[in-house]
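Read through the structure below, which is laid out as structure tokens, and then see the notes.
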Amino acid sequence: MTALIENNVYLILFLPPATAVVLMMLPGYLLSARLNMASSFLTFLAAVSLFVAKPASGNYLLVDDLNIVFVVLNTFVAFTTSVFSASYIAHELETGHLSELHLRFYHTLYQVLLGAMNLALVANNIGLMWVAIEVATLTTVLMVGIYRTDRALEAAWKYFILGSVGIALALFGTILIYMAARPVVGEGLNGMVWTVLIVHVAKFDPALLDLAFVFLLLGYGTKVGLAPLHAWLPDAHAEGPTPISAVLSGLLLNVALYAVLRFKLLMAANPLAMAPGPLMETLGLLSLVFAAFMLYRRQDIKRMFAYSSIEHMGIITFAFGMGGPLANFAGLLHMTMHSLTKSAIFFAVGQIAQAKGTQKIDDIRGLTLSHPVLGWGLVLGVVAIAGMPPTGVFMSEFLVAGSTIARAPLLAVPLVIGLLVAFGALMWRLHGLAFGEPTGSTTPVAASSLPLVTHLGLVLLAGIWLPPPLVAWFQHVAAMLH
Amino acid sequence: MDRLSFDIAHLVAGGLVLVSFMLLYQDRLFALLNMFALQAVVLALSVGWQAYVQDAPHLYITAAITLAFKAIVIPVALHRIVARLGIHREVETVVATVPTMLAGIALVSLSMVVMLRVTQGADALAREDLAFALSVVLLGLLMMVTRRNAVSQVVGFMSLENGLILAATGAKGMPLVVEISVAFSILIALIVIGIFLFRIRERFDSVDLQALDESRGESR
């Protein structure tokens, strides 16, 4: 047991790919789905044990207080999504959307994706981090295209092209960071090790760092889904299997944002380099306002929530761009709340779309009457994501807005406008979806609503009472982020 | 570093930019693929020369991969796909040749101005290499934007990636270069040829992305 805990970081890295190999061989979707769940749960436990026993950082891996938050959140949502996915895919198999072979492929990729995201989060080497994010991108491309309909293929193709361009720009930025580091830390591996870089970054050439950060922000920003580089995101969310939408929104966007944060820390440690904040604030606000207005015209329910993800990633990027203890705290909290709430919404939406046989918003009415648990779950989720009290999202949005008003009142204007516009759009759409005369099928869904209820419960709880150790941890991380 | 080896490195990297320009105006798919193979050969030369100059034997691996994979395997495979799909007659460009070339010239000058100004501290070879690499990256991006056909978009992406390899090998002593080039090559081959093109052909009988656009359900 102690040996397991000591090697916990290797466990979260190697358990998913090992499971993937087994899943590749395993026939029968029921067993695969269970194994997928069990393995995700074990990975989550290993991630939690990082709190107890933090491994020493090496040339390749690093576990510090910042990325533990990401790893734990990531593995938790990955686990609940695997529970949701088990019942979701059973339905897809019944309706003939996917075959057994597809499901084997799907489960394998799910674990590969999980492993790649964990690697990206604990990588100390910026080259390794890049490789991990690249692998994560390509696995999700395959998963988005899994239905092989015209639209799924278009979405996957668009995602592949834009994601690759983003990832290519990020690599160029990574090379530039190495170029900047080489004269100071010498040739070889050290020039890419984050913990070495952060010690020596003050002596790096600021001009090269500036240029590198622009490429990194644009590159990884594409993966975060920041406007104007977001074009892949709504398609990928709408056309892929719903568990993948949940994983994309709840996890992969965070992983890319984490990469941006690491480089932001480097920039902040060099006094002569440009301040990374204003760039992030601009992109964040742009995404927020743009996505808020785009919410109105959406016909497809998954596409609408994809735009809502762009909006929230905008808020989080903006908060981290502002910096300072309060805004960073709000950013961390908002990221956590958004991951939980948005994946809960996708759980609900996935089951709704399966029950009603459509994703068109206009064709879905009166959910609270036809499917009470799902309907009210969706209502709660949307109310939470729109930022109404007493949910956790309200609290984090309030903190973001509060610290903006205190420090840069002018920026608060577009921020608040964006929040209100998005709020209006979501409420308007929600009214139609949840209330009124039910349309379509009213057969109850067989799937478990446990993941949905768990996530929403956590979000509600966070709005009412945040555990003091969590607050202390977030405050500590917020201080780390400058 | 002596003058001659610098000049040779400069010449080969410059040649890569030149070939990137030539890629821009190829309007037949077969010619485009041949030109891409040529670009890969030039890149392999450049990487090989860097390996020799920097005395970094692992870069020979990257050069060999580039030569075998990008100059031979991928072009041949794409040749076959194009022939089988019967789309070898023409590349449809969204933007006409002249504006594309002008935009390309603007992008190259932009990258020269930016990179040479920013990297004043670095050594001469790395500076030139980075400037050329950024030019190749931007030209690859431009090609992806101006083409509609799936095959030529992939070629654009691979040419962009060639620019990245040039940058990575020019950065002296950079770790993981071989791994990155291997990962890139394998994944591109796997995804693009194996799955996408096959499926897209299966569904549309065309690899024209315009056909993909028409199948969108965003506006009704």
Side-chain angles (χ1 to χ4, degrees), chain A residues 59 125-128 130-131 134-135 137-138 141-142 145 148-158 160-161 164-165 167-169 171-172 174-176 178-180 182-183 186-193 204-205 207-212 215 234-235 238-239 297-300 303 359-360, chain B residues 54 56 114-115 117-123 126-127 129-130 133-134 137 140-141 144-145 150 153-154 156-157 160-161 163-165 167-177 179-180 183-184 187-188 190-192 195-196 199-200 202-204 209 211-220:
Chain A
N59 273 340
N125 183 304
I126 55 175
L128 192 63
W130 178 85
V131 171
E134 155 103 23
V135 172
T137 307
L138 290 167
V141 167
L142 291 175
R148 296 197 299 162
T149 58
D150 297 355
R151 294 168 64 177
L153 285 177
E154 193 218 345
W157 181 261
K158 205 165 166 183
F160 170 65
I161 291 290
S164 304
V165 170
I167 219 84
L169 295 181
L171 178 60
F172 199 75
T174 308
I175 295 170
L176 288 177
Y178 173 77
M179 291 291 291
R182 205 186 57 175
E187 281 173 24
L189 200 57
N190 271 346
M192 291 193 118
V193 176
F204 291 1
D205 180 7
L208 255 182
L209 272 184
D210 290 353
L211 191 67
F215 275 99
D235 291 291
E239 305 306 338
R297 281 191 55 234
R298 300 283 73 82
Q299 311 284 348
D300 181 301
R303 210 175 275 269
Q359 287 180 202
K360 285 222 171 80
Chain B
Q54 295 178 17
V114 169
M115 289 311 297
R117 184 165 299 170
V118 162
T119 55
Q120 268 158 6
D123 64 89
R127 279 180 74 185
D129 244 15
L130 269 185
L134 183 60
V137 167
L141 268 180
M144 292 177 77
V145 174
Q153 281 201 339
V154 173
F157 178 65
L160 184 163
E161 190 227 322
L164 292 174
I165 301 286
T169 51
K172 206 172 168 204
M174 184 166 138
L176 295 173
V177 174
E179 288 83 347
I180 285 173
F184 246 144
L187 291 171
I188 284 183
L190 202 88
I191 297 238
V192 173
I195 299 158
F196 271 101
R199 282 187 187 167
I200 287 175
E202 197 180 46
R203 295 280 163 181
F204 298 99
L209 290 180
L212 289 180
D213 282 340
E214 277 152 21
S215 72
R216 287 191 61 184
E218 179 74 306
S219 52
R220 287 189 303 175

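A, B, ... follow the sequence lines: proteins, then strands. Residue 1 opens every chain.
- In this structure, CE on A/Met179 lies 10.5 Å from CE on B/Met174, to the nearest 0.5 angstrom.
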- Apply side-chain contact (heavy atoms from CB on, under 4.5 Å) to the pair B/Val118 and A/Asp210, showing each step before the final yes or no. CA-CA 9 Å; B/Val118 162; A/Asp210 290 353; over 6 Å; no
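- We find the CD1-OG1 distance between B/Ile180 and A/Thr174 to be 7.5 Å, quoted to the nearest 0.5 Å.
- When each of A/Leu171, A/Leu176, A/Asn190 is scored by its heavy-atom pairs under 4.5 Å with chain B, the top score falls to A/Leu171.
- Using a 4.5 Å cut-off between heavy atoms, A/Leu211 contacts chain B through its side chain alone, with no backbone atom that close.
- With a threshold of 4.5 angstrom between heavy atoms, A/Asn125 approaches chain B through side-chain atoms but not through N, CA, C or O.
- Looking at A/Phe172, both its backbone and its side chain come within 4.5 Å of chain B, counting heavy atoms on both sides.
- Taking the side chain as every heavy atom from C-beta outward, B/Val137 and A/Phe215 never approach each other to under 4.5 Å.
- Only the side chain of B/Val114 comes within contact range of chain A, judged by heavy atoms closer than 4.5 Å.
- Interface remark: B/Leu160 contributes side-chain atoms only to the contact with chain A (heavy atom separation under 4.5 Å).
- A/Ile167 is not listed as a side-chain neighbour of B/Glu161, based on a closest heavy-atom distance of 4.5 Å or more.
- Between atom CD1 of residue A/Ile175 and atom CG of residue B/Asp129 there is a gap of 10.5 Å, rounded to the nearest 0.5 Å.
- Taking each heavy atom of A/Arg182 and B/Ala171 in turn, the nearest pair found is NH1-C, 4.1 Å.
- Per-residue counts of heavy-atom pairs under 4.5 Å with chain B were compared for A/Ser164, A/Gly127, A/Gly191, A/Ala238; the largest is that of A/Ser164.
- With chain B as the partner, the residue from A/Gly188, A/Gly186, A/Ala180, A/Ala155 showing the most heavy-atom pairs under 4.5 Å is A/Gly188.
- Contact between B/Lys172 and A/Tyr178 at its shortest, heavy atoms only, is O-OH, 2.6 Å.
- For the pair A/Val165 and B/Phe157, the tightest heavy-atom approach, listed with the atom from each and the gap, is N-CE1, 4.2 Å.
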